[in-house]
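Below is one structure, written out as C-alpha cells; comments come after it.
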There are 2 protein chains.
Amino acid sequence: MESKGAATRALILETAMRLFQERGYGKTTMRAIAEAAGVSVGNAYYYFSSKEQLIQGFYDRLQQEHAEAARQVLANETDLARRLGGVLHAWLDVAEPYHQFAAQFFINAADPASPLSPFSEDSEASREASIRIHADAVHGAATKMDPQLLEVLPELAWLGNMGLCLFWVHDRSEGRTQSHKLVDRCVPVAARLIKMSRYPIAKTLIREVADVAVEFGITRRTGYTKPRSS
Amino acid sequence: MESKGAATRALILETAMRLFQERGYGKTTMRAIAEAAGVSVGNAYYYFSSKEQLIQGFYDRLQQEHAEAARQVLANETDLARRLGGVLHAWLDVAEPYHQFAAQFFINAADPASPLSPFSEDSEASREASIRIHADAVHGAATKMDPQLLEVLPELAWLGNMGLCLFWVHDRSEGRTQSHKLVDRCVPVAARLIKMSRYPIAKTLIREVADVAVEFGITRRTGYTKPRSS
DNA sequence: TCCATCAGTTGAACACGTTCAAGTCCCCGT
DNA sequence: ACGGGGACTTGAACGTGTTCAACTGATGGA
C-alpha cells in the first residue's frame, strides 16, 4: 500500500485545480494551495517539483476524457472528414469547461523547453495517447489515400489539434463557436487534399511536404499501425 | 534635448543585453543589471516596465537589421522563390549571432497575451515593418499569381517567417544549417503553389485556405500595395 | 521490545521581480 | 537670485516560487 503519499499528492493536486479555477493560475500562490490543502509549502514541493508540474496532472485528465469522447464519436462513423472533425469537436467539447483557466498555461505549449510542452519528455505518454486517437480516426476511415501520406497523417492531424488548441486558447467567442466553425471549415479542405493524394498531380506535392516535415523532425513516419486492444 | 534620460535608458538596455548574452536571460537578475549599469533597481523600472520589456528593444534592432539585409537581397532579384528564400536566409543570417540568448525569450512568440509576442500591440510597429519586408519580396517578383492570393500572401509569408523562427529557436545544428536547409526545401514548394494559383484546379483550393485564414483572423487581406519611398 | 531506517513533513530562509514613498537634481519663469 | 515643479533616482520592502536542514512517525528486522 502506498496510500499515504498518494493520498496527500492527490489532495494537493485537487486543491490546486480548484484554486486555479477560482482565482486563476497566476493569482494562486503555492502558499495558498498548501494552506487550503492543510499541508506545508515544502510538502507540496515534495510531490511536485514546481508549480507548473501541478498542471501535468490536468493534462493527463483532459487527454483521457478526450480519448473516451473520441471513441464514442468514431464508433459509428466511416467518413474521413467526419471522423477527423468529430475528434476535433470532441476535443473542443471536453476542453470547454476548462477554457478560462486552461488558457493561462496552454501558452507554454509552443515552448519545447518547458516541461508543460506537449513536445517535452514529461508529456510523452500523454502525447502518444493523443496521437493514437488521431491515428484511429485516420485508420478507421473508408477513404483511400497515398500510403506514404498515411504514415505521417496521424501526427499531422495531431499537430492540427495543437494548432486548434492555440486558436482555441485565444477564442473569446461564446461557447467557442469560432473554434467549432474553424474545424468545420478546415476539415473538408484537409479531407479533400487527402483524397487528392492518390492522384499524380497532388501526390508529388503532398509527398514533398510530408518528406520535408519528416526530414526536419517536425513529424515522424510512424503510422501507428492500428493495433488497439480495448 | 532629452539626452539625460535617453542616455540612462540606453545604458541600461546595453548593459542588460550584454548580461543576457553572458549569463542567459533567466540567470540575469534585475539587481545585477542595475548594479552593472551603475544605477538603482528602481531606475531600471522607471524606463522599462518589466524585465521582459528590456527585450522589445532587441526585437526592434533585429527587425531593422533584417530590413536592411533584405533590401540588399531584393535589389537585384526578380525570381519569386529566390526573393522569398532570400528574405528568410537574410533573417537567419541576421539572427544567428543572437541565437543562444534569443532562444530564451522567442519562446513567448506564441503567446498573444505576452507583451513580447509579435502579435501584441507593443510590437505592432515592429511587426508592420516586418510584414512590409515580405510584401516587398512578393510584389517585386515577376511571377504571376491569383490576385486574391496576392492580398494575403505578404502576411502568410510573414507567418512563415514566424514559423521558421520557431524552428530556428530549437535548431541546435552548427551554424543553423538545418534552418537554412528547411528554407531551401520549403520555399520552392511554396513558390510552386503560388504559381499554380493561376490555374483553376489549384485556385479553388488555395482561395479556400486563404478565405479561412482571413475569416478567422489568422491573417488580414491587406496586400500592402507596394508604396515604397526609399 | 527496541532501535534503525526512511518516506513523509515542516517552516524558516533565500533569491528573485516588482513597487513605492521619499528623495535629488536641473530647468525655467519670475 | 530665488523657488517651484517635474524629470529622474533611490533602496528598502513586499510577495512570490523554491530550497533545505531538521523533524516526525511508521515499519520492519534483531
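- The minimum heavy-atom distance linking A/Ala36 with A/Leu19 is given by the pair CB-CD1, 4.0 Å.
- Between A/Glu35 atom CD and C/dG11 atom C1' there is a gap of 13 Å when expressed in whole angstrom units.
- Of the two residues near DNA chain D, A/Lys51 and B/Gly42, the one whose nearest nucleotide lies more 5' is B/Gly42.
- Taking 4.0 angstrom as the limit, A/Thr29 places none of its side-chain polar atoms (N or O) nearer than this to OP1 or OP2 of D/dG15.
- Checking the phosphate oxygens (OP1, OP2) of C/dT18, a side-chain nitrogen or oxygen of B/Tyr45 falls inside 4.0 Å.
- Of the two residues contacting DNA chain C, namely B/Val41 and A/Tyr47, the nearest-nucleotide position lying further toward the 5' end is that of A/Tyr47.
- Each of C/dA13, C/dG17, C/dT10 was ranked by its minimum atom distance to the side chain of A/Arg31; first place goes to C/dA13.
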**Message:** Could you go through B/Asn161 and B/Ile133, starting from their C-alpha distance and side-chain angles, then the distance that decides it, and tell me whether this counts as side chain to side chain contact (heavy atoms under 4.5 Å, CB included)?
**Reply:** CA-CA 11 Å; B/Asn161 200 153; B/Ile133 296 174; over 6 Å; no
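- Atom CE in A/Met30 sits about 10 Å away from atom P in D/dT19, given to the nearest Å.
- Salt-bridge formation is detected for the pair B/Asp211/B/Arg221: a Lys NZ or Arg NE/NH1/NH2 atom is positioned less than 4.0 Å from an Asp or Glu carboxylate oxygen.
- Taking only side-chain nitrogens and oxygens, A/Asn43 never comes nearer than 4.0 Å to OP1 or OP2 of C/dG8.
- Residue A/Tyr46 has no polar side-chain atom (N or O) positioned under 4.0 Å from OP1 or OP2 of C/dT9.
- Distance, A/Ile12 CD1 to D/dT18 P: 14 Å, rounded to whole Å.
- As judged by a 4.0 angstrom heavy-atom cut-off over every strand, B/Val39 is placed among residues touching the sugar-phosphate backbone only.
- Per the geometry, NZ belonging to B/Lys27 stands 18 Å off C1' belonging to C/dG17, to the nearest Å.
- Using a 4.0 Å heavy-atom cutoff across all strands shown, B/Phe48 reaches no nucleic acid atom at all.
- Taking the six-membered ring where the residue is Trp, B/Trp168 and B/Trp91 present perpendicular rings, their angle passing 60° and hence far from 30°.
- Distance CG (B/Leu54) to P (C/dG17): 11 Å, rounded to an integer number of Å.
- If you look at A/Phe58 and A/Tyr98, their ring centroids are closer than 6.0 Å.
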